[in-house]
Amino acid sequence: MRQTGGGATTDSASPVLNNVIKSQSYFTAKRVGLGNNSYLGVGRPSSQQWLSLPGSGGQGPKAKKSGSKKKKVTKAERLKLLQEEEERRLKEEEEARLKYEKEEMKRLEIQRIEKEKWHQLEAKDLERRNEELEELYLLERCFPEAEKLKHETKLLSQWKHYIQCDGSPDPSVAQEMNTFISLWKEKTNETFEEVIEKSKVVLNLIEKLKFILLETPPCDLQDKNIIQYQESILQLQDLLHLKFGVATEILLRQASTLADLDSGNMEKVIKDENVTLYVWANLKKNPRHRSVRFSETQIGFEIPRILATSDIAIRLLHTHYDHVSALHPVSTPSKEHTSAVTELVKDDVKNVEKAISKEVEEESKQQERGSHLIQEEEIKVEEEQGDIEVKMSSAEEESEAIKCEREMKVLSETVSAAQLLLVENSSEKPDFFEDNVVDLCQFTTLGGVYHLDILELPPQCKPVKGWMIVEILKEGLQKYTYPPETTEEFETENAFPPIEVTLEVHENVIFFEDPVVVRWDAEGKHWRTDGISNVSYKPKERLVTFSLDTFGPVTLIQDAHINMPYQSWELRPLDVNKVLLTVTTVFTEIQIQIKENLCMLSSIKLKDKKHISILEGTWMTPIPFIIALKEAGLNIFPTRHSHFYVIINNKVPLVEVKAYRQMALLSSAFAFGWSKWNLLCNSTKVVFKW
């Protein structure tokens, strides 16, 4: 052994040193936590765990004496512990793996069951959808059936008109219309009452012609027919106005005999359901008599002094219709669409003809076989003939069924095209209008037209020896020009002031705002707002007063889209094929009953108050019903140009038509309503409540 300095080292082990090393290994194993099933590792003992060796001079820390003897861990035991720890870890891993596999198998089984259920639901839903599609195809056959029924009804009405023999022409036949117009032109010296009576027939013909243009599917309307119908309408309107002028002249010739005893002037009022005439003739020429008021009315004029001393007559002809505004253009499909439908019809006709010719060939072959069999076997003659007849009849039935099916298909395509055309928006905005010119796509005339005319008083009848002698002017009734074209001979500047006019608004017309007065420009063929001043409106008395620079036709207009967009709408079933449509706008709530092919105005509410209209309780077909509501000021029907004047969320026309068709099919059983989300979704989706 070699000893150096304050410490000692050994070259060989001694029993004491071995014991110390074993004790140090034991304490080290305890310190690293071997007894707690931890991973065995060799750690560096702390300074308190170093044992002093003999001969170290007592410089190292002293070993602590344990109170009891601890069992020493051998290498084999250590290995055994490690092996047990590894087995325990493997066992836990195996248990965890088995548990995961079990849970995974359970999850996969649940997923498989859910997938099977989903497939079953999909199959069931597909089956249901197929059934619903078949049912939908059957239901959608009602659209071409309805169009077919409408066509048959039209033919029936024509037949009834033919057998009625009332002398009125068929408006769709140009020859009959020309004959009617020519015969009426030849009649002369008709009184105003006679013209009013004849006007009922004329107005009925004009109405029928307009309905033909509106109700006939665009695919069935040819350009030449449209031109023919519109020319007939214009000829009837012009002839009717001309007849009213002639009747007014005949009436004014008798002004002296119809003079009022108090004023000495002639005053006449003639009322009818379609026309009202107000005539005043200045016979006395009293310069102080400048206020004209018709008896039992508040309608009248405030005329200037120059007119009060002139030989004139003032006529107010109030027509409850508008024959002054230009006719509305007829919507027609594009040439591409028309050609496509035409080609479709031709192809279907060819297919039907081929099918029928094929059936005929088969029938002829069967007949030849039958004749051959008859010659060979006379015993089976009757049986073979019977079979041939049965086959021929069945073939005829099949050919008829095929033909009918093709016709319904073509008709269905035509109906769909017509419905699509109704909701399509125009891509071109109406022509640009200069200032003070009324755009009739944005505004609508209401209450008819007031024809204001200052006329030169014709020569009066003179009684001579029991005879009435009257001078008839060759040029007829002439208008008095006010103000005159030349005013040099008149000294004052205000010699021709505007004429104050007071008119009564038609009782069956609703104005949601103060009406706007406009005058007709004969040169430009449009309505204008200039030349009119000092407009005032009394809603309770329904009187509108204004000053007019020059006389001529005037009318009242209102914004055509004042009730658009809707605040809400609801379609609620009442009975089989009977529903109630409720439309709520800013100003009103309108309820419309619909059954089969008829409509009826059920009720109107204005500012939470019920309003009574003459349209309530009257069943009409859709087109006349829509026109009647528009003429009454209850316009809730958008046109092809409405999207230029109302901010809305435009939808794709095809999507819109399909939604309308499905609602129509289910409206007898389900209620539909407005949804705010329809404004937020895109143009390819339609959202509503049901």
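In what follows, every heavy atom counts, from backbone to side chain, and hydrogens, waters and symmetry copies are set aside. Computed from a predicted model, the values in this text were never measured in an experiment.
- The closest side-chain heavy-atom distance from Leu108 to Glu104 is below 4.5 Å.
- When every heavy atom of Pro573 is checked against every heavy atom of Val579, the shortest pair comes out as CA-CG1, 4.0 Å.
- Nearest heavy atom pair, residue Ser668 against residue Lys578, reads OG-N, 4.3 Å.
- In the model, Asp439 has a side-chain atom that pairs as donor or acceptor with a side-chain atom of Tyr645 under 3.5 Å.
- For CD1 of Ile612, the number of neighbouring non-hydrogen atoms (other residues, nucleotides, ligands) closer than 6.0 Å is 12 at most.
- For the atom pair CZ (Phe512) and CG (Asp559), the distance works out to 11.5 Å, reported to the nearest 0.5 Å.
- Taking OG1 of Thr444 as the start and CD of Gln442 as the end, the distance is 12.0 Å to the nearest 0.5 Å.
- If you check the side chains of Ser325 and Trp527, you find a donor sitting under 3.5 Å from an acceptor.
- Judged by distance alone, the side chains of Ser603 and His611 never bring a donor and an acceptor atom under 3.5 Å apart.
- Side chains of Thr585 and Gln567: a donor-acceptor N/O pair is absent below 3.5 angstrom, by distance only.
- Taking the ring centroids of Trp569 and Tyr566, they lie at or beyond the 6.0 Å cut-off.
- Glu132 pairs by the salt bridge (charged side-chain N to carboxylate O under 4.0 Å, His left out) definition with Arg128, not counting sequence neighbours.
- Between Asn649 and Leu679, the shortest heavy-atom distance links the atoms ND2-O, 3.2 Å.
- Between Glu103 and Arg107 there is no salt bridge, since no side-chain N of the basic residue sits under 4.0 Å from a carboxylate O of the acidic one.
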For Lys106 and Ile110, run side chain to side chain contact (heavy atoms under 4.5 Å, CB included): C-alpha distance rounded to whole Å, both residues' side-chain angles, the deciding distance at 0.1 Å, then the answer.
CA-CA 6 Å; Lys106 186 176 180 181; Ile110 293 173; 4.3 Å; yes
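- Within the model, atoms OG1 of Thr582 and CG of Leu571 stand 8.5 Å from one another, a figure rounded to the nearest 0.5 Å.
- Between the side chains of Ser642 and Thr639, at least one donor N or O sits under 3.5 Å from an acceptor N or O.
- More than 12 heavy atoms of other residues, nucleotides or ligands sit less than 6.0 Å from atom NE2 of His643.
- A donor atom on one side chain and an acceptor atom on the other are found under 3.5 Å apart for Asp322 and Thr445.
- Counting heavy atoms of neighbouring residues, nucleotides and ligands inside a 6.0 Å radius, atom CH2 of Trp619 exceeds 12 of them.
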